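Below you will find the structure I want to go over with you.
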There are 2 protein chains.
Amino acid sequence: MSPQPNKRPGRTIRSVQIAFNIIDLLQEEAGIGVTRIADELGHSKSTVHSHLRTLEERRIIVREGDGYRLGLRFLDVASHVRDQIGNFDIVQKEVDSLADETGEIVQFGVEEYGMVSYLHKAQGDHAVETLSRVGTQQPMYSTSLGKTILAYLPAERIEEIAAEMEYEPKTANTITSPEELFEELETIREQGYGIDDEENINGLRCVSAPVKNDETILGAISITGPSSRFTEDRLHGELADYVRSAANVIELNTKFS
Amino acid sequence: MSPQPNKRPGRTIRSVQIAFNIIDLLQEEAGIGVTRIADELGHSKSTVHSHLRTLEERRIIVREGDGYRLGLRFLDVASHVRDQIGNFDIVQKEVDSLADETGEIVQFGVEEYGMVSYLHKAQGDHAVETLSRVGTQQPMYSTSLGKTILAYLPAERIEEIAAEMEYEPKTANTITSPEELFEELETIREQGYGIDDEENINGLRCVSAPVKNDETILGAISITGPSSRFTEDRLHGELADYVRSAANVIELNTKFS
DNA sequence: TATATCTGTTCCCGCTTGGGGAACGCCCCG
DNA sequence: CGGGGCGTTCCCCAAGCGGGAACAGATATA
């Protein structure tokens with residue numbers, strides 16, 4: 001089921017795997033019970049039962065009606081996780097105010113496991129609706145956030161991530177080869193911001209600026225909007241300035257060892 | 001370490017417990033390594049090591065510098081969890097707009113495991129800063145959200161929760177006995193909204209209105225502010241009206257079986 | 001440079017424990 | 001009343017997990 005060439009094999013604990021398989025399943029589909037879970041995962045009911053007991057005692061899951069769902073403890077964990085990543089308050093404030101000013105969608109993302117994770121998102125008044133939401137993971141080659149972050153990672157890490165990528169063409173403009181990607185990254189480093197010209201979703205363009213602490217990249221901030229409003233000129237002019245100054249504010253307010 | 005009279009003992013799985021002990025620990029303190037964790041939990045390094053491997057493979061945790069932290073996957077899980085609880089979009093929209101209108105703190109909470117969990121929070125322009133944030137769990141007897149939700153739960157569940165509570169006086173006004181509590185709940189049911197008169201934090205008052213679907217309570221919405229601005233009259237008048245109409249909007253927009 | 005002492009990692013052994021089969025109790029439906 | 005769905009319980013047996021100890025780097029100390 002998983003013969004992927006992962007780097008660190010080592011010993012892995014089966015019961016824990018099972019527990020997280022259950023959690024994953026409940027994340028996808030809430031409200032299912034012992035039998036259903038057992039079938040789905042290919043385990044005996046008794047096995048699943050003990051696991052559910054354990055998770056319930058831990059308040060990881062909750063029994064609701066005749067089925068289980070994930071518990072609200074995850075909300076608490078999530079807010080701790082965000083706090084552990086840099087200074088989240090500043091980021092939040094800056095993203096919100098940029099969304100207010102521009103009226104568009106503003107997002108902040110960081111890299112993890114070779115993907116971009118959205119830490120915060122704010123929608124301005126006339127923002128288009130997008131599917132992405134906080135917590136989502138997106139590939140790095142097809143988003144301006146991803147490409148911008150990637151551009152400022154250490155060279156070896158770039159190689160590593162680029163090698164593991166599967167370049168799947170999301171639109172006609174999606175980057176589909178390492179060569180294209182490296183060239184793009186070079187451009188980003190030169191101009192100091194990154195563009196997504198309908199490379200991830202048709203009709204949508206974005207600009208992103210990197211947020212750095214000294215020489216290490218923390219993440220990136222982006223504005224997203226419809227191509228109709230986001231002309232070439234605005235993208236490279238006004239909008240690029242917006243994200244760069246917002247990134248700057250975050251950088252200045254972010255002090256930690 | 002845990003001889004609490006929990007209802008459903010059953011069989012519980014040790015490795016899973018250990019795994020979640022590690023996660024709990026990392027939630028409290030990020031950036032620690034194998035040795036430290038092993039010491040803290042009283043396990044051997046090799047044991048902890050295999051667990052960390054498992055969690056890392058699962059992308060539950062991330063190795064960062066010389067230590068581990070919880071992964072961003074939790075953000076994704078959290079957003080799924082919120083979606084599974086009623087219709088979160090409506091709630092969010094309503095809470096945000098109420099915070100805008102009033103300029104104060106507005107929160108939405110639901111009951112789980114006899115406590116209130118905050119699902120969403122919005123701060124108006126001149127809102128006081130409070131410590132509570134999304135995901136936090138608070139006791140039900142000392143918050144207006146908690147008391148309001150409690151008031152509309154099925155009688156048997158009220159008994160159950162009230163019995164397990166430990167009434168710890170947070171301020172001079174905190175409810176400290178079941179009798180007081182039951183009386184308060186009666187009042188809430190009569191007037192259709194609940195008040196917190198500096199019962200949880202000195203200087204802060206709140207009003208909450210229940211959000212119901214048919215006859216089952218989904219949660220409650222509240223406004224919080226300093227006693228100086230939140231006079232008796234405003235609390236029971238204007239502010240109570242605000243939360244009740246917001247609750248109403250949510251109820252009307254929430255349709256599911 | 002050598003020595004000491006932290007890390008994290010690996011190996012292997014033996015006992016615990018957790019996974020599974022099967023039986024049971026319950027509820028709902030025919 | 002009987003059948004089939006659910007969750008729960010019991011018990012057994014091996015395999016999987018926890019732990020001790022040895023190993024390997026990295027950093028510091030002299």
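Keep in mind it's a predicted model, so treat the numbers as computed, not measured. Every chain is numbered from 1 and lettered A, B, ... according to where its sequence line falls, protein lines coming before strand lines.
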Asp39(A) CG - dG21(C) P separation (whole Å):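 So the CG-P distance, Asp39(A) to dG21(C), works out to 12 Å.
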
Five pairs at each end of the helix from dT1(C)-dA30(D) to dG30(C)-dC1(D): take the axis at both ends and give me the angle between them to 10°.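 Between the first-five-pair axis and the last-five-pair axis there is 30°.
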
Is it the case that the side chain of Glu112(B) and the backbone of Leu72(A) share a donor-acceptor pair, with hydrogens and angles ignored and the cut-off at 3.5 Å?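 Yes; at least one donor-acceptor contact below 3.5 Å.
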
For nucleotides 23-30 of chain C, give me one character per nucleotide, 5' to 3': B if any protein heavy atom sits under 4.0 Å from the base, S if the only such contacts are to the sugar-phosphate, - if neither. --------

Tell me whether Arg58(A) forms a cation-pi arrangement with Phe20(B), defined as NZ or CZ under 6.0 Å from the six-membered ring centre and within 45 degrees of its axis. no

When rounded to whole Å, the CZ to C1' distance for the pair Arg53(A) and dG7(D) reads 9 Å

Looking only at heavy atoms, which two atoms of Leu119(B) and Leu75(A) are closest? And how far apart? CD2-CD1, 3.2 Å

State, to 0.1 Å, how close Val48(B) and His43(B) come at their nearest heavy-atom pair, and which atoms those are. CG2-CB, 4.0 Å

What N/O pairs connect the protein and nucleotides 18-20 of chain C at under 3.5 Å? Give each pair on its own line.
unit_1	atom_1	unit_2	atom_2	d
dG18(C)	OP1	Arg14(B)	N	3.3
dG18(C)	OP2	Arg14(B)	N	3.1
dG18(C)	N7	Arg11(B)	NH1	2.7
dG19(C)	OP1	Ser15(A)	OG	3.3
dG19(C)	OP2	His51(A)	NE2	3.0
dG19(C)	N7	Arg11(B)	NH2	3.0
dG19(C)	O6	Arg11(B)	NH2	3.3
dG20(C)	OP2	His43(A)	ND1	3.3
dG20(C)	OP2	Ser44(A)	N	3.2
dG20(C)	OP2	Thr47(A)	OG1	2.8
dG20(C)	N7	Ser46(A)	OG	2.5
dG20(C)	O6	Arg11(B)	NH2	3.4

Indicate the atoms forming the closest heavy-atom contact of Ser142(A) with Lys170(A), along with that distance.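 Residues Ser142(A) and Lys170(A), closest heavy atoms: OG-CE, 4.0 Å.
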
Round to a whole Å and report the spacing from CG of Leu52(A) to C1' of dC6(D).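 After rounding, the reported distance stands at 14 Å.
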
Go through the steps for His80(B) and Arg69(A) under the test side chain to side chain donor-acceptor pair (under 3.5 Å), then give the verdict. CA-CA 10 Å; His80(B) 277 267; Arg69(A) 63 163 175 81; over 6 Å; no

Check the pair Asp76(A) / Gln27(B) against side chain to side chain donor-acceptor pair (under 3.5 Å), numbers first and verdict last. CA-CA 9 Å; Asp76(A) 189 41; Gln27(B) 179 184 339; 3.2 Å; yes

Interatomic distance where CD1 belongs to Ile22(A) and P belongs to dG7(D) [whole Å]: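 From Ile22(A) CD1 to dG7(D) P: 13 Å.
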
Length of the line joining Gln17(B):CD and dG18(D):P, which is rounded to integer Å: 12 Å

To the nearest angstrom, the OH-P distance between Tyr68(B) and dT7(C) comes to 14 Å

Assess whether side chain to side chain donor-acceptor pair (under 3.5 Å) is satisfied between Glu57(A) and Gln17(B), documenting all intermediate values. CA-CA 10 Å; Glu57(A) 197 218 42; Gln17(B) 298 278 16; 3.1 Å; yes

Between Ala220(A) and Ile149(A), what is the shortest heavy-atom contact and its length? CB-CG1, 3.7 Å

Can you tell me how far P of dT9(C) sits from CZ of Arg36(B), to the nearest Å?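 Between P of dT9(C) and CZ of Arg36(B): 17 Å.
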
Where do Pro210(B) and Ala247(B) come nearest, in terms of heavy atoms and distance?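 Of all heavy-atom pairs spanning Pro210(B) and Ala247(B), the closest is O-CB, 3.4 Å.
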
Would you check if the side chain of Thr54(A) reaches a backbone N or O of Ile13(B) as a donor-acceptor pair within less than 3.5 Å?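 Side chain of Thr54(A) to backbone of Ile13(B), a donor-acceptor pair under 3.5 Å: yes, one is there.
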
Distance check needed: dC6(D) P versus Ile37(A) CD1, whole Å only.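 Atom-to-atom, Ile37(A) to dC6(D), this comes out as 12 Å.
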
Think His49(B) has a side-chain N or O under 4.0 angstrom from the OP1 or OP2 of dG8(C)?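 The answer is no; no side-chain N or O of His49(B) sits under 4.0 Å from OP1 or OP2.
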
